[in-house]
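Read the structure below first, then the notes.
Each residue takes its place number in the sequence, starting with 1. When a ligand or atom number is given, it counts from 1 through the structure's own listing order.
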Amino acid sequence: MSSSDYPFASHAGFLRAPGEAPGARFGVAGIAYDGATTNRPGARFGPAAIRRASHMLCDAVHPLWDIAPGTALVDFGDLDLPTTSLASLRVALETAAPRLIGAHHMCWLGGDHSVTLSLLRAYRQVYGQALALVHFDAHCDTWEDHFGEPSGHGTWVREAYAEELIVPQACIQIGIRSPAARADREFVRQQGGAVHEARALRGAESAAQLHPIIEDVRERVRKAGSPPLYLTLDIDCLDPAFAPGTGTPEVAGLSSAQLATLIEGLVDLPFVGMDCVEVAPAYDHAELTSLAAAQMVWTYLCARLAHADSAELP
Ligand SMILES: [Mn+2]
């Protein structure tokens with residue numbers, strides 16, 4: 001460890017990654033938009049808080065795989081995006097994202113969950129095929145409208161299905177528990193996908209106990225012909241005890257250990273990118289939420305490095 005590894009060093013990037021690194025395999029970019037939140041706003045400040053929390057991870061060597069992103073990572077900062085209307089945000093993000101996806105394996109830091117629809121559109125365009133999706137969330141995000149408006153942070157799953165951005169049977173939701181009408185809660189299952197509710201995960205902590213979920217993801221991706229796989233991680237999948245700093249917290253959620261076990265267990269699947277959304281630092285305590293987010297993104301990155309052959313750039 002050198003002096004540049006001190007956690008309070010001023011390097012601003014995620015894991016202190018530089019803002020320019022041509023040829024870096026992995027990229028991080030912030031999407032500081034929270035205009036589609038329904039309850040507590042503030043996720044636009046999520047990317048900065050996640051970066052700051054990631055600096056605590058020092059040399060970033062992951063103890064499970066003895067590997068660190070090191071020079072393979074570039075952090076583009078928060079993208080220059082409008083914070084006005086969702087329509088404007090979508091146009092700008094869908095213009096900016098494909099170039100980054102074509103050049104780097106990207107980890108996107110939200111922002112509220114509305115940004116994921118734009119990202120899925122961009123991946124669909126770049127890869128030329130529908131994606132498999134692992135979706136951690138307290139919310140099903142299958143609502144038909146956003147309180148009277150067509151699109152928001154709770155409609156993107158239904159929109160992604162309608163636009164054929166995702167393979168119906170290869171969409172797996174994990175951690176769902178918020179109040180919702182049965183038709184919305186069951187939407188993904190009705191389309192052929194899987195919903196692993198948080199209630200079914202209570203008490204399942206060990207790798208062995210969580211194995212059936214990991215196997216379900218693996219099996220669904222395989223049966224779909226191993227399409228490009230995308231991970232969307234709404235930090236509110238975690239219980240508010242582990243992630244209070246979010247806009248729409250729901251009690252009785254996953255523990256950090258459950259989430260880490262699941263993400264570590266999916267290590268060798270053909271992921272092409274991920275996002276981590278809905279971190280709202282104004283409601284956080286002791287950086288619990290931003291640290292959990294940083295830890296999960298770092299784990300995802302190290303998992304990709306540990307399985308370098310699992311997915312290539314388009
Ligand atoms: Mn959510």
>> Is C237 close enough to the Mn ion (ligand 1) that one of its N, O or S atoms comes in under 2.8 Å?
In response: no
>> Please give the atom name: the N, O or S atom of D137 nearest to the Mn ion (ligand 1).
In response: OD1
> Can R177 and E250 be counted as an ion pair, charged N to O under 4.0 angstrom?
Replying inline: no
> Excluding sequence neighbours, so at least two apart, what forms side chain to side chain contact (heavy atoms under 4.5 Å, CB included) with T261?
Replying inline: A207, L210
> In terms of side-chain heavy atoms, does Q209 have a donor or acceptor partner in S206 at a distance below 3.5 Å?
Replying inline: yes
> Would you call R158 and D141 a salt bridge, using N to O less than 4.0 angstrom?
Replying inline: no
> Within E278, is some N, O or S atom less than 2.8 Å away from the Mn ion (ligand 1)?
Replying inline: no
> Quick check: does E250 have an N/O/S atom under 2.8 Å of the Mn ion (ligand 1)?
Replying inline: no
>> Can you tell me which N/O/S atom of H139 has the shortest distance to the Mn ion (ligand 1)?
In response: ND1
> When you check the gap from the basic side-chain N to the acidic O, do E197 and R189 get nearer than 4.0 Å?
Replying inline: yes
> At the Mn ion (ligand 1), what angle lies between atom OD2 of D234 and atom OD1 of D236, rounded to 10 degrees?
Replying inline: 90°
